[in-house]
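Take a look at the structure set out below.
Letters go in sequence order (proteins before strands), and every chain restarts at 1. These figures come from a predicted structure and were not determined experimentally.
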There are 2 protein chains.
Amino acid sequence: MPRGTTERMATYLRVIDTLASHGVATAPSTTLAQRAGVSAAQFRKDLSLAGATSGVRGSGYVLSRLRGELRRALGGFSRVRFVIVGAGNLGRALASSSAFRRDGLDLVAIFDVDPRVVGSEVAGLRVRHDSDLGQVIAEQDVAIAVIAVSEDHAQVVADNVVGAGVREILNFVPVALRVPTSVEIRTVDLGVELQMLAIHARRT
Amino acid sequence: MPRGTTERMATYLRVIDTLASHGVATAPSTTLAQRAGVSAAQFRKDLSLAGATSGVRGSGYVLSRLRGELRRALGGFSRVRFVIVGAGNLGRALASSSAFRRDGLDLVAIFDVDPRVVGSEVAGLRVRHDSDLGQVIAEQDVAIAVIAVSEDHAQVVADNVVGAGVREILNFVPVALRVPTSVEIRTVDLGVELQMLAIHARRT
DNA sequence: GCATGTGAAGTGGTTCACAGCA
DNA sequence: TGCTGTGAACCACTTCACATGC
């Protein structure tokens, strides 16, 4: 399944849920695609690539059924646990964001090293000290660590979570982290899109 | 210039600056590419597409010269002003992030509607009330608005900034905003990468 | 008749491999 | 000889267009 297809799945699910909550039970690809901001052809091709073929020719898709198919394409319904390391502005924003409250994803803990932050409550969780990282990751079978700490602290955190058994890292720090090849790591640069817009703006 | 090439430029600049600060004056594509996490072929192709051709066959690139060429490819050195609307966790995180402190980008104001937040200081700026939006955008010739407000407030903000003359919007709210076609809008979904990792984790 | 599902065509970006030059 | 710059081959994704089936 192409990467782009997978990325758009989340949007499709959101569109389906929004329509369903408005009492819509069935919709054609044109409607769904428009709401998701893609072409109808792309929408149908994505579904095809995902193995979702529950559409009814002549009328469209039964949303409840389509939803189940997309969920299955995204790896089923098993739950994945993750932690956030760094309870600064970004860490708190991520913890509270609806973007991080996805089906099947469980935020089990937030960590920080600042004693003024440790113990405070964020998104319903008490912030714990980094020294608890290893224990929590092992006991709760945490699969993913989100790193949102300062630039000079990121590598240490990466080493710690990898040592504790985490196999996937989502890195929000603009630094190239070194991890074993067995660990999947993705780095998000929050400034990239802003820069793209700035370039566009300069050309206008 | 391909979109991917533009995106990688920021990374290249960072690599160049890091090496330069370590006293390195010249480096071949293999070194620069490895540090940026791309292949040497891609690195050279990117430079070629960007019109940067100051490499010296047999020895590599003079970093100071290469840096100037990349900056020029990113639209020159003219300054672009932007504002952030929403001083919640995310807005504050973005305002403070080094990712948003890019060459040529000036954050001129942060806005919020919450009276408890208005007047507080974020990243050296005093948070202003949304009612000042139009005035600030017009007076300071603001090109870009970053939207980091709640989901039910995002469309109103978009309408306001567009009405005030903004031509580019960076949207961090997981909602499809409707704007005139003349306005360039990019939506960033902070949860996409987490979801990609979750899918990968489920398959392991 | 209408909308899906999908081969086929088209598009855009990456990798290859080598000519050209210090 | 060593490394750049780039045309050409390759690959992946998107768009098109239509056969298929309700």
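Distance check, rounded to the nearest 0.5 Å: CG of A:Leu74 to CE of A:Met9 gives 6.0 Å.
A straight line from NZ of A:Lys45 to C1' of C:dA8 spans 9 Å, rounded to a whole angstrom. Atom CZ in B:Arg3 sits about 13 Å away from atom P in D:dT14, given to the nearest Å. Distance A:Leu49 CG to C:dT4 C1': 14 Å, rounded to the nearest Å. Across the protein-nucleic acid pair, A:Arg8 atom CZ and D:dA12 atom C1' stand 12 Å apart, rounded to whole Å. Rounded to whole Å, the distance from CD on A:Gln42 to C1' on D:dC13 is 8 Å.
Nearest-nucleotide positions on DNA chain D for A:Thr5 and B:Thr30 put B:Thr30 closer to the 5' end.
Among C:dA3, D:dT15, D:dT4, the nucleotide with an atom closest to any side-chain atom of B:Arg44 is D:dT4. Residue A:Pro2 has its side chain nearest to D:dC13 when only D:dC13, C:dA8, C:dT4 are considered. For A:Ala41, whose side chain is taken as the heavy atoms from C-beta onward, the closest listed nucleotide among C:dT4, D:dT4, D:dC16 is D:dC16. Among C:dT15, D:dT14, D:dG5, the nucleotide with an atom closest to any side-chain atom of B:Arg57 is D:dG5.
B:Glu168 has no carboxylate O lying under 4.0 Å from a charged side-chain N of B:Arg81, or vice versa, which leaves the two without a salt bridge. The pair A:Arg67-A:Asp103 meets the salt-bridge criterion, since a charged nitrogen lies less than 4.0 angstrom from a carboxylate oxygen.
Relative ring orientation between B:Phe172 and B:Phe100 is described as tilted, the plane-to-plane angle lying within the 30° to 60° band.
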